[in-house]
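Just follow the structure's listing: the first ligand is 1, and inside any ligand the first atom is 1.
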Amino acid sequence: AMSQEFEPRILAICCQWCSYAAADLAVAMRLEYPSAVRILRVPCTGRVDGLRLLKPFEEGADGVFLSGCLLDDCHYRTGNYKATKRVAYAKGILQQLGIEPERLEMFYNSSAMGPQFAQTCRDFTARIQELGPLFDQPSQSAAA
Ligand code: FES
(Lines give C-alpha, C1' and ligand atoms only; values in the text may rest on other atoms or scores of the structure.)
Protein backbone atom coordinates (compact mmCIF):
# COMPACT_ATOMS: atom_id res chain seq x y z
CA ALA A 1 0.00 0.00 0.00
CA MET A 2 1.16 3.49 -0.70
CA SER A 3 2.00 5.47 2.39
CA GLN A 4 0.03 8.64 2.88
CA GLU A 5 2.32 9.57 5.75
CA PHE A 6 3.15 13.21 6.01
CA GLU A 7 6.75 13.94 5.04
CA PRO A 8 7.89 16.80 7.21
CA ARG A 9 10.41 19.34 6.05
CA ILE A 10 13.15 19.58 8.62
CA LEU A 11 16.17 21.83 8.84
CA ALA A 12 19.14 20.68 10.89
CA ILE A 13 21.59 23.47 11.68
CA CYS A 14 24.86 21.70 12.46
CA CYS A 15 28.10 22.98 13.88
CA GLN A 16 30.95 22.16 11.51
CA TRP A 17 33.24 20.81 14.23
CA CYS A 18 31.09 18.06 15.61
CA SER A 19 27.59 17.56 14.40
CA TYR A 20 28.28 18.23 10.74
CA ALA A 21 31.09 15.71 10.93
CA ALA A 22 28.70 13.32 12.67
CA ALA A 23 26.23 13.81 9.81
CA ASP A 24 29.03 13.11 7.33
CA LEU A 25 29.94 10.00 9.26
CA ALA A 26 26.32 8.87 9.24
CA VAL A 27 26.36 9.11 5.44
CA ALA A 28 29.73 7.38 5.20
CA MET A 29 28.46 4.56 7.39
CA ARG A 30 25.38 4.35 5.17
CA LEU A 31 23.21 4.88 8.19
CA GLU A 32 19.67 5.50 7.30
CA TYR A 33 18.47 8.95 8.09
CA PRO A 34 15.39 10.63 6.75
CA SER A 35 15.86 12.44 3.45
CA ALA A 36 13.46 15.10 4.71
CA VAL A 37 16.27 16.45 6.89
CA ARG A 38 18.19 19.23 5.18
CA ILE A 39 21.50 20.09 6.77
CA LEU A 40 22.87 23.57 7.08
CA ARG A 41 26.46 23.88 8.24
CA VAL A 42 27.49 26.70 10.56
CA PRO A 43 30.85 27.47 12.25
CA CYS A 44 29.33 27.09 15.73
CA THR A 45 25.78 26.86 17.05
CA GLY A 46 26.59 29.94 19.15
CA ARG A 47 26.72 31.97 15.93
CA VAL A 48 23.10 31.29 15.11
CA ASP A 49 20.88 34.14 16.26
CA GLY A 50 17.27 33.84 17.31
CA LEU A 51 15.88 35.11 14.04
CA ARG A 52 17.73 32.43 12.13
CA LEU A 53 16.05 29.82 14.32
CA LEU A 54 12.60 31.17 13.53
CA LYS A 55 13.00 32.16 9.88
CA PRO A 56 12.96 28.58 8.50
CA PHE A 57 9.43 28.10 9.85
CA GLU A 58 8.30 31.07 7.83
CA GLU A 59 10.01 29.55 4.82
CA GLY A 60 8.14 26.26 5.06
CA ALA A 61 10.02 24.10 7.56
CA ASP A 62 7.87 21.95 9.84
CA GLY A 63 10.69 21.45 12.33
CA VAL A 64 14.13 22.88 13.04
CA PHE A 65 16.91 21.59 15.21
CA LEU A 66 20.31 22.83 16.16
CA SER A 67 23.02 20.25 16.65
CA GLY A 68 26.16 21.39 18.37
CA CYS A 69 29.20 19.98 20.06
CA LEU A 70 28.79 18.21 23.37
CA LEU A 71 28.52 20.69 26.23
CA ASP A 72 32.00 21.87 27.28
CA ASP A 73 33.40 20.67 23.92
CA CYS A 74 32.47 23.75 21.90
CA HIS A 75 35.48 25.08 19.96
CA TYR A 76 34.42 28.57 20.93
CA ARG A 77 34.00 27.49 24.55
CA THR A 78 30.44 28.52 25.31
CA GLY A 79 28.77 28.67 21.90
CA ASN A 80 26.53 25.71 22.54
CA TYR A 81 25.48 27.11 25.92
CA LYS A 82 24.50 30.35 24.19
CA ALA A 83 22.67 28.34 21.55
CA THR A 84 20.80 26.37 24.22
CA LYS A 85 19.58 29.63 25.75
CA ARG A 86 18.56 31.01 22.37
CA VAL A 87 16.63 27.86 21.53
CA ALA A 88 14.77 28.17 24.84
CA TYR A 89 14.01 31.81 24.07
CA ALA A 90 12.88 31.05 20.52
CA LYS A 91 10.64 28.25 21.83
CA GLY A 92 8.92 30.89 23.96
CA ILE A 93 8.31 33.02 20.88
CA LEU A 94 6.90 30.05 18.99
CA GLN A 95 4.54 29.38 21.86
CA GLN A 96 3.34 32.98 21.82
CA LEU A 97 2.66 32.58 18.10
CA GLY A 98 0.57 29.49 18.77
CA ILE A 99 3.18 27.13 17.33
CA GLU A 100 4.23 24.00 19.23
CA PRO A 101 7.64 24.76 20.80
CA GLU A 102 8.58 21.08 20.28
CA ARG A 103 9.12 21.93 16.62
CA LEU A 104 12.41 23.50 17.67
CA GLU A 105 15.10 21.64 19.59
CA MET A 106 18.74 21.67 20.59
CA PHE A 107 20.87 18.51 20.41
CA TYR A 108 24.53 17.71 21.01
CA ASN A 109 26.59 15.26 18.99
CA SER A 110 30.34 14.77 18.85
CA SER A 111 32.08 14.12 15.53
CA ALA A 112 32.28 10.41 16.38
CA MET A 113 28.55 10.17 16.97
CA GLY A 114 27.35 9.33 13.46
CA PRO A 115 24.86 6.70 14.64
CA GLN A 116 23.52 9.01 17.34
CA PHE A 117 23.16 11.79 14.81
CA ALA A 118 21.17 9.51 12.51
CA GLN A 119 19.04 8.50 15.49
CA THR A 120 18.49 12.16 16.40
CA CYS A 121 17.24 12.77 12.85
CA ARG A 122 14.87 9.80 12.98
CA ASP A 123 13.51 10.68 16.42
CA PHE A 124 13.01 14.32 15.55
CA THR A 125 11.34 13.42 12.26
CA ALA A 126 8.97 11.08 14.12
CA ARG A 127 8.19 13.85 16.58
CA ILE A 128 7.33 16.30 13.78
CA GLN A 129 5.30 13.65 11.96
CA GLU A 130 3.23 13.28 15.09
CA LEU A 131 2.72 17.04 15.33
CA GLY A 132 1.71 17.20 11.68
CA PRO A 133 2.36 19.96 9.15
CA LEU A 134 2.97 23.41 10.58
CA PHE A 135 0.62 25.04 8.13
CA ASP A 136 -2.37 23.39 6.52
CA GLN A 137 -1.43 21.67 3.31
CA PRO A 138 -3.56 22.28 0.25
CA SER A 139 -6.31 19.69 0.06
CA GLN A 140 -5.18 16.42 -1.49
CA SER A 141 -8.61 14.82 -1.54
CA ALA A 142 -8.93 15.40 -5.27
CA ALA A 143 -5.95 13.13 -5.85
CA ALA A 144 -7.37 10.36 -3.65
FE1 FES B 1 30.43 23.25 17.91
FE2 FES B 1 30.43 25.62 19.12
S3 FES B 1 31.98 24.80 17.88
S4 FES B 1 28.86 24.16 19.05
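- Ligand-side atoms of ligand 1 in range of T45: 4 (S), range being under 4.0 angstrom from any heavy atom.
- Atom CD of E59 sits in a crowded spot, with more than 12 heavy atoms from other residues, nucleotides or ligands closer than 6.0 Å.
- Residue W17 approaches ligand 1 through these ligand atoms, each under 4.0 Å from one of its heavy atoms: 3 (S).
- Of all atoms in ligand 1, listed by their number and element, those nearer than 4.0 Å to a heavy atom of Y76 are 3 (S).
- The proximity of C15 to ligand 1, defined as any non-hydrogen pair under 4.0 Å, is limited to the side chain.
- Residue contacts to atom 2 (Fe) of ligand 1: C74 brings an N, O or S atom closer than 2.8 Å.
- Side-chain contact, D72 with Y81: a donor N or O sits under 3.5 Å from an acceptor N or O.
- Taking every heavy atom of both residues into account, C69 and C18 meet most closely at SG-SG, 2.9 Å.
- In this structure, R47 forms a cation-pi arrangement with Y76, its terminal cationic atom sitting closer than 6.0 Å to the ring centre and no more than 45° off the ring axis.
- V87 approaches E105 most closely through the heavy-atom pair CG1-C, 4.1 Å.
- With a cut-off of 2.8 Å, atom 1 (Fe) of ligand 1 has no N, O or S atom of H75 in range.
- The heavy atom nearest to atom 2 (Fe) of ligand 1, considering only C14, C44, A21, G79, is found in C44.
- Ring-plane geometry between H75 and W17 is classed as parallel, the angle between the planes falling under 30 degrees on a 0 to 90 degree scale with a further cut at 60.
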